[in-house]
Protein chains: 2
Amino acid sequence: MQNHKIPDETVHRLPVYLRELLTLQEQGIEKLSSQELADSLGCGCYQVRKDLSYFGRFGKRGVGYTTEILIREILNILKLNVPQKAALIGIGNLGLAILRYTGFGKYNFRITAAFDSDGKKIGQIIRNITIEDIKKIRTLKRRSVRIAILATPEAAAQQIADELVEAGVTSILNFAPCNIKVPKNVQVRNIDIAMELACLPFMASE
Amino acid sequence: MQNHKIPDETVHRLPVYLRELLTLQEQGIEKLSSQELADSLGCGCYQVRKDLSYFGRFGKRGVGYTTEILIREILNILKLNVPQKAALIGIGNLGLAILRYTGFGKYNFRITAAFDSDGKKIGQIIRNITIEDIKKIRTLKRRSVRIAILATPEAAAQQIADELVEAGVTSILNFAPCNIKVPKNVQVRNIDIAMELACLPFMASE
DNA sequence: ATCTGTGAAGCTGTTCACAGCT
DNA sequence: AGCTGTGAACAGCTTCACAGAT
């Protein structure tokens, strides 16, 4: 029930539990067992209990979990109990889609800064966010933005990543279709749609 | 060097190797060692060799790998040596970004069908693809499309997923912010940007 | 009786060390 | 000498079985 040596997989499943719990809560479910949550997710109830057990005891033996409490606890664990600010870099097709997406609020995330290098885009306001010149990335430090979503073309990605690190960013969600190199105290999560697609034909054939 | 019992992680790394190899090839690199590829990717050379060893012997001892051969072999393994067709469902912000993206061709992927339920979008042509009525999903069977990219809102996702399975789709890349249930012979890969973001604050704090 | 929390067993994936080619 | 390919050791994650709480 305590710190360090928490599987990475566990951390990645917590948001999925959270998403499902929020949905179940909307449906009026106030209490549930690990079995019920697991069924709803299509995973094992052992998995759910083990994952939660790394962080504390949130259920009652013989009874189960209270939806609301579990949601609050997972928000706490993930540090989503406090509002999280994120910067978005690269307002192309994908960047624009992300900027317009309204589903982050549930998780206490807000995109508070958006950057592009294209003069025609700079100054435009989208969802209350003014697109800024990419040269202003360094201002993220004093605006205490520690999370960045990188949605630039490949050619710009590494340089921007360096600038983000320089500006004090500690986590990068990288949508650029390439590897980026960062100091090892900086978290990077890569999402390249082509990479995901490329696995499918093999996987479908066992 | 042969079949079955190939780690899932290995399959997911192959496209990443491929992407890097294509980049290195563009830079004029015709031969490389597992060490060089690993350095370029920021992973271990053991990993690269072990992953490849599940599928065959593609290098020469004492020498290394030929970029071109390795690219071709990985394309073969992933079945990307033949053109792969994908359908896109949901032409919202994200769907539109995916439809406009031109980076899939490198991996022999082409989006050959796009669907939406919005009458204003149906009939529009984007990148040579005519957006069709979502009611026509069943035609995917005779058009032999086995891969679908699901980019609908949450509310529609499960029903569309059912229709896709019904239409013979065997792999779904799911961008809808929810779980979808499918028969277990159907592959699903979930990408929810909010889920990825939600891990970051915790991970940044170790 | 029921359901959680958890040590231990079992399994899967990674790292290593080195044999085998070139 | 240099680099691949791979069995074996190791590490990490998942599943299990059950003790403990209600």
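By convention in this document, chain letters (A, B, ...) are assigned in the order of the sequence lines, proteins followed by strands, and residues within each chain are numbered from 1.
- In this model, the phosphate group of D:dC3 is not approached by any side-chain N or O of B:S34 to a distance below 4.0 Å at OP1 or OP2.
- For the pair B:L52 CG and C:dG13 C1', the interatomic distance rounds to 16 Å; values are reported in whole Å.
- Checked for salt-bridge contact, B:R72 and B:E68 meet the test: a charged N lies under 4.0 Å from a carboxylate O.
- With B:N174 contributing its side chain and B:C178 its backbone, the two residues share a donor-acceptor pair below 3.5 Å.
- Between the P atom of D:dG5 and the CZ atom of B:F55 lies a distance of 13 Å, rounded to the nearest Å.
- A donor-acceptor contact closer than 3.5 angstrom links the side chains of B:S40 and B:E20.
- Dashed line: the shortest gap from a side-chain N or O of B:Q47 to OP1 or OP2 of C:dT15 is under 4.0 Å.
- Taking the nucleotide of DNA chain D with the nearest heavy atom to each of B:K50 and B:L32, the more 5' of the two is matched to B:L32.
- Side-chain atoms of A:Y65 lie closest to C:dT4 of the nucleotides C:dT4, C:dG13, D:dT4.
- A donor-acceptor contact shorter than 3.5 Å is absent between the side chain of A:S171 and the backbone of B:A204.
- Regarding B:L37, its CG atom lies at a distance of 16 Å from the C1' atom of D:dG5, rounded to whole Å.
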Nucleotide by nucleotide, nucleotides 17-22 of chain D touches protein heavy atoms under 4.0 Å in the pattern (B base, S sugar-phosphate only, - none) B-BBBS
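- The nearest whole Å value for the distance from the CG atom in B:D8 to the P atom in C:dC11 is 18 Å.
- Under a 4.0 Å N-O distance rule, the pair B:R143/B:E132 qualifies as a salt bridge.
- The distance from atom CG of B:D51 to atom P of D:dT6 is 13 Å, rounded to the nearest whole Å.
- B:R49 is linked by a side-chain hydrogen bond (donor to acceptor under 3.5 Å, both in side chains) to B:S34, counting only residues two or more places apart in sequence or in another chain.
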